[in-house]
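Here the structure comes first, spelled out in structure tokens, and everything after it is commentary.
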Amino acid sequence: MKFVACPLVVRPQKLELPPYALLSELVTKANMTTPKTILITGASGLVGQSLSTALMARGHSVRTLSRSDRGDYQWDVASGHLDPRALDGVDVVIHLAGESVAQSWTDAAKARILDSRVASTRLLVDLILAQEKRPAYIAASGISYYGIVRERPVDESSDSGKGFLAEVTRQWEGAAQALTEADVRTVFLRTGIVLSVKGGALAKMLTAFKLGVGGCIGDGQQNMSWISLPDLVSVYVFAVENVALHGAVNAVAPEPVTNSMFTKKLGKVLGRPTVFPLPASLVKILFGEMGKETLLSDLSVLPKSLTDLGFEWQQAELEIALKETLS
Ligand SMILES: NC(=O)c1ccc[n+]([C@@H]2O[C@H](COP(=O)([O-])OP(=O)(O)OC[C@H]3O[C@@H](n4cnc5c(N)ncnc54)[C@H](OP(=O)(O)O)[C@@H]3O)[C@@H](O)[C@H]2O)c1
């Protein structure tokens with residue numbers, strides 16, 4: 001902290017400033033908590049890749065648990081195998097792994113979406129409880145916990161809603177209940193639509209918009225609760241470093257928008273027309289139940305826990321978030 005204040009009070013001719021890289025490293029270290037050892041599941045995915053980089057930049061040590069040998073440690077959820085050494089000396093477990101939701105929801109796919117989350121959570125919970133020093137547990141979850149359509153804004157105190165994804169998130173969070181009962185710090189990040197060009201909803205919309213055939217989905221009146229990828233990564237870092245954060249936490253930007261507003265802003269940022277709507281009836285024909293629960297869902301979700309704890313969004317406004325994401 002002394003170092004940060006130094007350039008403001010020492011006369012310039014006497015000050016030998018360190019190179020910029022060293023300066024920023026010292027400032028970062030001055031602002032951070034004790035370095036932790038963190039195990040991340042699903043680290044190869046969209047969120048996990050950016051999060052691993054961000055945690056290491058803040059001086060934390062990251063190890064990964066994967067189905068493939070690209071991870072530092074391996075697991076096989078279906079057979080119940082998890083390398084027990086993965087948790088040796090770990091302070092925080094971050095559980096991101098889960099079968100992608102963006103696929104046709106056949107019975108087999110639905111079983112994979114549910115089982116990959118619930119069974120994997122049970123494996124982690126059993127191993128955490130077996131540790132002498134139990135690590136904190138931070139897990140991805142979804143705003144679909146609140147259902148498909150809600151007439152009023154919801155926050156973390158709201159009840160759960162209807163639909164397949166709501167059931168998945170209830171069971172996903174519920175599988176970690178034993179940790180809460182054992183006084184292990186648990187955080188469930190109920191994540192909104194993540195803005196990224198590398199994956200997720202925005203990446204899928206871009207092709208149509210760039211070709212000039214983008215437009216509203218349905219009547220465009222449904223609310224979309226979104227978050228930029230850098231802000232989501234910061235929420236995870238905040239959850240690692242801020243022990244006051246626990247329980248359900250809505251990981252969304254403070255201002256949800258209607259699909260019509262989202263479409264308008266995206267068209268503006270891309271400089272493309274947005275006059276080709278995708279009717280709700282066509283969404284249901286093309287994407288079935290998955291389309292109804294994702295593209296047509298109407299959720300205005302408020303990040304009350306993060307706001308109460310003073311979390312600061314870098315991209316709280318949609319147009320800025322879209323510009324920076326697409327730049
Ligand atoms: N992106 C979003 O908009 C969004 C919104 C709400 C919630 N979330 C949740 O946040 C978490 C991270 O999201 P993401 O976008 O980074 O996901 P992602 O890119 O799909 O990556 C998920 C990772 O999970 C592992 N995985 C995939 N299928 C699996 C299976 N059947 N069994 C076990 N592991 C499997 C893979 O890692 P390995 O191959 O290394 O094992 C994969 O890289 C997910 O659980 C997702 O549901 C995301």
Side-chain angles (χ1 to χ4, degrees), residues 39-54 62-83 86 93-103 105-106 108-124 138-146 163-173 175-176 187-205 224-233 235-236 239 248-253 262 290 293-295 297 299 301 303 321 325:
L39 176 74
I40 307 184
T41 76
S44 58
L46 175 71
V47 177
Q49 286 186 32
S50 298
L51 177 58
S52 303
T53 308
V62 170
R63 59 173 79 164
T64 59
L65 181 62
S66 172
R67 296 168 299 170
S68 78
D69 54 14
R70 282 179 304 162
D72 300 318
Y73 296 88
Q74 280 70 43
W75 64 347
D76 179 50
V77 176
S79 69
H81 168 74
L82 196 178
D83 185 337
V93 172
I94 300 182
H95 183 25
L96 303 175
E99 174 84 13
S100 174
V101 165
Q103 58 178 302
W105 285 3
T106 59
K110 282 168 106 172
R112 284 196 304 273
I113 290 167
L114 180 70
D115 295 344
S116 62
R117 289 173 171 79
V118 177
S120 61
T121 302
R122 288 198 188 116
L123 278 179
L124 288 168
I138 299 168
S141 180
I143 56 168
S144 45
Y145 174 88
Y146 302 108
F164 168 66
L165 288 180
E167 180 60 30
V168 169
T169 48
R170 278 195 298 273
Q171 290 198 34
W172 194 8
E173 293 183 9
V187 184
F188 305 105
L189 293 177
R190 292 179 183 160
T191 308
I193 299 161
V194 181
L195 301 187
S196 168
V197 289
K198 291 186 194 151
L202 177 64
K204 290 191 172 61
M205 290 164 82
M224 297 173 67
S225 298
W226 58 276
I227 185 165
S228 73
L229 182 59
D231 273 344
L232 178 61
V233 165
V235 171
Y236 274 96
V249 174
N250 292 336
V252 290
F262 189 95
M290 190 272 284
E293 290 208 14
T294 55
L295 299 173
S297 82
L299 292 172
V301 179
T325 302

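Atoms within a ligand are numbered from 1 in the order they appear, just like the ligands themselves.
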List ligand 1 atoms under 4.0 Å from [X], heavy atoms only on the residue side.
X	answer
G42	23 (C), 24 (O), 37 (O)
S116	30 (C), 31 (N), 32 (N)
S141	7 (C)

[X] to ligand 1, any heavy atom closer than 4.0 Å:
X	value
G192	yes
W172	yes
R117	yes
A201	no
V101	no

*When only distance counts, is V77 in polar contact with ligand 1, meaning an N/O pair under 3.5 Å?*
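Checking ligand 1 against V77, no N or O pair falls under 3.5 Å apart.
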*How does R112 reach ligand 1, if at all, at less than 4.0 Å between non-hydrogen atoms: by side chain, backbone, both, or neither?*
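Neither part.
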*Using a 4.0 Å heavy-atom cut-off, say whether S66 meets ligand 1 through its side chain, its backbone, both or neither.*
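Both the backbone and the side chain of S66 come within reach of ligand 1.
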*Does the side-chain hydrogen bond (donor to acceptor under 3.5 Å, both in side chains) test come out yes or no for Y146 and N250, once each step is laid out?*
CA-CA 11 Å; Y146 302 108; N250 292 336; 2.8 Å; yes
*Might you point out which heavy atoms bring Q103 and A109 nearest each other, and give the distance in Å?*
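So the two residues come closest at OE1-CB, 3.6 Å.
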*Could any protein non-hydrogen atom be found less than 4.0 Å from atom 34 (N) of ligand 1?*
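Answer yes: something from the protein, a heavy atom, is under 4.0 Å.
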*Short check: is a protein heavy atom less than 4.0 Å from atom 48 (C) of ligand 1?*
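No, no protein heavy atom sits under 4.0 Å from atom 48 (C) of ligand 1.
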*To the nearest 0.5 Å, how far apart are NE2 in H81 and CD in Q74?*
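So the NE2 of H81 and the CD of Q74 are separated by 7.5 Å.
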*Identified side chain to side chain donor-acceptor pair (under 3.5 Å) partner of S141 from the options H95, E173, R117*: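 Looking at H95, E173, R117, the match for S141 under the side chain to side chain donor-acceptor pair (under 3.5 Å) is E173.
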[X] (side chain) donor-acceptor with [Y] (main chain) under 3.5 angstrom:
X	Y	answer
R63	A86	yes
T64	I40	no
S297	L295	no
S116	E99	yes

